[in-house]
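Basis for what follows: all heavy atoms, side chains included, without hydrogens, waters or symmetry-related copies. The sequence lines fix the lettering, A, B, ..., with proteins before strands; numbering per chain opens at 1.
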Amino acid sequence: MVSKDIKSFFVQRLNDWAAANKRPLPWKNEPDPYLIWLSEIILQQTRVAQGMPYYEAFKAHFPNVQVLAAAPEDEIMRLWQGLGYYSRARNLHQTAKTIAIQYQGKFPDTYEEIRALKGVGPYTAAAIASFAFGLPYAVVDGNVSRVLSRFLGIDTPIDSTIGKKLFQDLADTLLDRNDPGKYNQQLMDFGAVHCTPQQPLCPQCPLQSECIAFRQKKTAQLPVKNKKITKTKRYFHYLVPKFDSQTLIRKRTQQDIWKHLYEFPLIETEQANLDIHDLLAQNHTTLDWWKPEQLIEIRQTGPHKQQLTHQTIIATFWELELQQIEQNQLPDQFVCINWKNLDKFAFPRIIDWYLKDNSLNLFSQVQQN
DNA sequence: AAAGCGGGGTA
DNA sequence: TACCCAGCTTT
């Protein structure tokens with residue numbers, strides 16, 4: 001499928017390109033497998049620029065795997081707040097414990113052992129194996145599959161089962177076994193800054209003369225993906241209770257977005273508009289802490305929209321100033337906390353938005369104390 | 001094999 | 001808007 005000449009052309013031109021296009025990143029040339037692993041988990045489906053500050057924060061808070069393993073889960077989740085795909089944070093914690101206990105703090109150094117870690121798939125295992133231990137495993141991420149599909153002119157969908165196997169095989173074939181880690185880095189850099197999804201820099205491309213997509217004018221059509229997204233709208237009504245400096249939050253534990261993040265008591269509706277008093281009159285278990293006679297005042301904030309990949313969230317915040325919160329009636333997963341302790345818990349972006357910009361009127365007197 | 005999971009940048 | 005990002009896990 002790939003001739004020896006094509007491979008040496010590819011490897012040589014890529015190496016020349018990388019020499020002229022440095023892309024300094026904090027985790028490059030990092031010898032510590034723990035920090036390499038940390039950076040790779042953070043960067044899964046995440047742009048470098050977005051993950052960078054999180055990497056620095058995690059590195060500062062948890063300088064080694066033992067510290068991370070010993071940290072409370074809520075602290076890790078809070079530090080992960082805003083980065084998305086929150087199961088990564090839980091898997092990070094679980095794997096830290098695995099390494100600290102089962103591996104006595106020494107990061108496993110074979111591909112199979114690394115691949116077996118929670119949250120580590122084929123890409124991440126190859127990345128750690130090659131970067132940290134110089135092992136000959138080719139990474140295949142979005143960048144690599146795009147470069148290969150174009151250079152070799154392959155229109156097999158990269159997200160199909162057959163396509164994943166094909167591109168992994170091709171990547172393994174093209175891998176420069178003299179320095180797998182360096183080669184892997186170069187190829188991802190090339191995809192990220194040169195062979196970009198839109199408007200790739202073909203006119204000045206060192207691979208142009210052998211690039212099938214360029215020759216056939218198909219760069220804009222490659223790579224092919226067959227996954228299409230369907231978006232659903234959801235209407236969230238958050239009830240924000242206030243009693244003195246106390247409020248009520250709960251941890252999301254159902255199989256849904258934002259699992260293991262916290263939120264205010266939530267009622268989800270099918271329609272955008274509703275009468276708040278009708279909603280409060282419902283005999284909903286989420287409202288067991290609420291008694292109509294204890295209501296002092298209601299204020300509304302929002303609705304505010306948040307666009308996720310598969311869902312549009314339209315959230316309205318209803319601030320309920322109360323004479324009392326029925327703490328002995330709290331449903332499962334609910335906790336009554338002081339307002340000033342909210343920063344100990346991880347919240348979805350939309351609640352963070354509300355807390356930062358729109359809740360001052362509710363607890364301003366508390367914050368001034 | 002397909003679905004589900006975030007948030008943000010870019011055209 | 002739609003697409004994509006140093007993907008993985010669950011169903």
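For the pair A:L207 and A:F9, the minimum side-chain heavy-atom distance is below 4.5 Å.
The two residues A:F214 and A:T219 have their closest heavy-atom pair at N-CG2, 3.9 Å. Shortest non-hydrogen contact noted between A:D172 and A:A138 is OD1-CB, 3.3 Å.
Hydrophobic cluster membership of A:V224, counting Ile, Leu, Val, Met, Phe, Trp and Tyr whose side-chain heavy atoms lie under 4.5 Å apart directly or via other members: A:L222.
The gap from the P atom of C:dA6 to that of B:dC5 amounts to 23 Å, rounded to the nearest Å. As rounded to the nearest Å, B:dG6 and C:dT11 have P atoms that lie 15 Å from one another.
In the hydrophobic cluster analysis, where Ile, Leu, Val, Met, Phe, Trp and Tyr join through side-chain heavy atoms closer than 4.5 angstrom, A:F133 is grouped together with A:V65.
In summary, A:K164 and A:D169 do not engage in a salt bridge, as defined by a charged side-chain N under 4.0 Å from a carboxylate O. In this structure, A:D343 does not pair ionically with A:K340, as no charged nitrogen and carboxylate oxygen lie closer than 4.0 Å.
Side-chain rings of A:F190 and A:W17 approach one another, their centers coming within less than 6.0 Å.
For A:Y111, the ring-ring contact (aromatic ring centres under 6.0 Å, His included) test picks out A:Y137, with sequence neighbours left out.
No side-chain donor-acceptor contact under 3.5 Å links A:K242 and A:Q246. Judged by distance alone, the side chains of A:Q333 and A:R250 never bring a donor and an acceptor atom under 3.5 Å apart.
Map A:K118 and A:V140 each onto its nearest nucleotide of DNA chain C; the residue landing nearer the 5' end is A:V140. Along DNA chain C, the nucleotide closest to A:Y123 and the one closest to A:N91 are compared, and the more 5′ of them pairs with A:Y123.
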Open item on the list: Using a 4.0 Å heavy-atom cut-off to protein, can you give one letter per nucleotide of nucleotides 6-11 of chain B, 5' to 3': B if the base is in contact, S if only the sugar-phosphate is, - if neither?
Closed with: BBBB--
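Of the residues in residues 187-197 of chain A, those placing a heavy atom less than 4.0 Å from an atom of DNA chain C are A:M188, A:D189, A:P197, in numerical order. Taking a 4.0 Å limit (strictly below) on heavy-atom distances, residues 157-185 of chain A reaches DNA chain C at A:Q185.
Using a 4.0 Å heavy-atom cutoff across all strands shown, A:V120 reaches sugar-phosphate atoms only and no base atom. A:W27 comes within 4.0 angstrom of a nucleotide base, judged by non-hydrogen atoms across all strands. The residue A:R146 sits close only to the backbone: its heavy atoms come under 4.0 Å of sugar-phosphate atoms, none of a base.
Taking the six-membered ring where the residue is Trp, A:Y55 and A:W27 present perpendicular rings, their angle passing 60° and hence far from 30°. Relative ring orientation between A:F317 and A:Y238 is described as parallel, the plane-to-plane angle staying below 30° on a 0-90° scale split at 30° and 60°.
First and last contacts of DNA chain C with chain A, using any nucleotide atom under 4.0 Å from a protein heavy atom and ordered 5' to 3', fall at C:dC4 to C:dT10.
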